[in-house]
Amino acid sequence: MSPTSTTSWAAPTAAEPVNAEVRVPGSKSLTNRALVLGALCEGRSTIGRPLRSRDTMLMINALRSLGIAVDDSDDAQWRIEGRSFTHTDAAIDVGNAGTVLRFVPPVA
């Protein structure tokens with residue numbers, strides 16, 4: 001079979017109606033954006049079912065470097081104390097996270 005040829009594939013079907021509950025994992029991009037919005041809002045914000053990943057941890061650490069309080073001890077929900085910027089001179093590691101690189105400088 002050549003690399004450009006295609007084959008037909010019959011999608012699986014169910015013999016009976018399917019009744020199921022599926023939990024979709026959180027989104028790295030949405031979690032990072034919610035963290036930024038929580039940092040910019042007054043008071044406390046809560047993110048439900050965030051995705052813990054290297055990129056979201058880089059965002060949390062960046063916000064903490066700016067003095068934002070982020071409580072990520074509960075994997076089901078994270079809490080951010082917005083507008084608590086207390087540091088004016090911070091070193092921030094963005095790693096390879098494009099969202100952190102794009103959003104943190106304007107926040108700072």
Side-chain angles (χ1 to χ4, degrees):
M1 187 181 299
S2 72
T4 58
S5 69
T6 59
T7 58
S8 295
W9 177 76
T13 59
E16 300 175 13
V18 176
N19 183 8
E21 184 177 309
V22 178
R23 285 203 159 197
V24 177
S27 162
K28 170 182 67 174
S29 182
L30 289 177
T31 299
N32 273 338
R33 284 165 170 75
L35 286 164
V36 168
L37 291 173
L40 295 174
C41 291
E42 289 187 35
R44 177 178 287 177
S45 297
T46 302
I47 303 172
R49 299 196 61 231
L51 178 70
R52 183 180 298 275
S53 69
R54 182 175 187 275
D55 286 12
T56 57
M57 295 314 299
L58 286 167
M59 181 65 82
I60 287 174
N61 290 335
L63 294 174
R64 285 177 176 157
S65 294
L66 297 172
I68 299 294
V70 180
D71 178 1
D72 65 326
S73 60
D74 179 356
D75 282 337
Q77 60 180 0
W78 295 347
R79 285 164 293 288
I80 304 104
E81 293 295 333
R83 295 218 177 160
S84 58
F85 297 99
T86 57
H87 304 304
T88 57
D89 185 24
I92 296 173
D93 177 11
V94 301
N96 205 17
T99 306
V100 180
L101 178 64
R102 288 179 190 93
F103 284 88
V104 172
V107 169

(message) Within the 3.5 Å criterion, strictly below it, is a donor on Ser73 or Asp71 matched to an acceptor on the partner's side chain?
(response) yes
(message) Ignoring hydrogens and geometry beyond distance, is a side-chain donor-acceptor pair present between Arg52 and Thr56 at under 3.5 Å?
(response) no
(message) By the salt bridge (Lys or Arg N to Asp or Glu O under 4.0 Å) test, which pairs, at least two apart or in different chains, include something from residues 85-108?
(response) none
(message) By the salt bridge (Lys or Arg N to Asp or Glu O under 4.0 Å) test, which pairs, at least two apart or in different chains, include something from residues 36-48?
(response) Glu42-Arg83, Arg44-Glu81
(request) List the steps, then state whether side-chain contact (heavy atoms from CB on, under 4.5 Å) holds for Val104 with Val94. (result) CA-CA 9 Å; Val104 172; Val94 301; 5.6 Å; no
(request) Mark yes or no for whether Arg79, through its side chain, and Asp74, through its backbone, hold a donor-acceptor pair below 3.5 Å. (result) no
(request) May I ask you to decide if Leu51's main-chain N or O and Thr31's side chain share a donor-acceptor pair within less than 3.5 Å? (result) yes
If I compare all heavy atoms of [X] with all of [Y], which pair ends up nearest, and what's the gap?
| X | Y | result |
| --- | --- | --- |
| Pro50 | Ala76 | CD-O, 3.6 Å |
| Gly67 | Thr86 | CA-OG1, 3.3 Å |
| Ser84 | Ala69 | OG-N, 3.5 Å |
| Phe103 | Pro106 | O-CD, 3.2 Å |
| Ser65 | Ala91 | OG-O, 3.7 Å |

(message) Can you tell me how far apart CD1 (Ile68) and CG (Asn61) are? Round to the nearest 0.5 Å.
(response) 13.5 Å
(request) Could you grab the distance from atom CG of Leu30 to atom CG of Leu35, nearest 0.5 Å is fine? (result) 11.0 Å
(request) Could you pull out all residues at least two apart from Arg54 that satisfy side chain to side chain contact (heavy atoms under 4.5 Å, CB included)? (result) Leu58
Verify same cluster id: [X], [Y] (apolar side-chain graph, 4.5 Å):
| X | Y | value |
| --- | --- | --- |
| Val36 | Met57 | yes |
| Ile80 | Val107 | yes |
| Trp78 | Leu37 | no |

(message) A side-chain contact here means heavy atoms from C-beta on lying under 4.5 Å apart; do Leu63 and Met59 qualify?
(response) yes
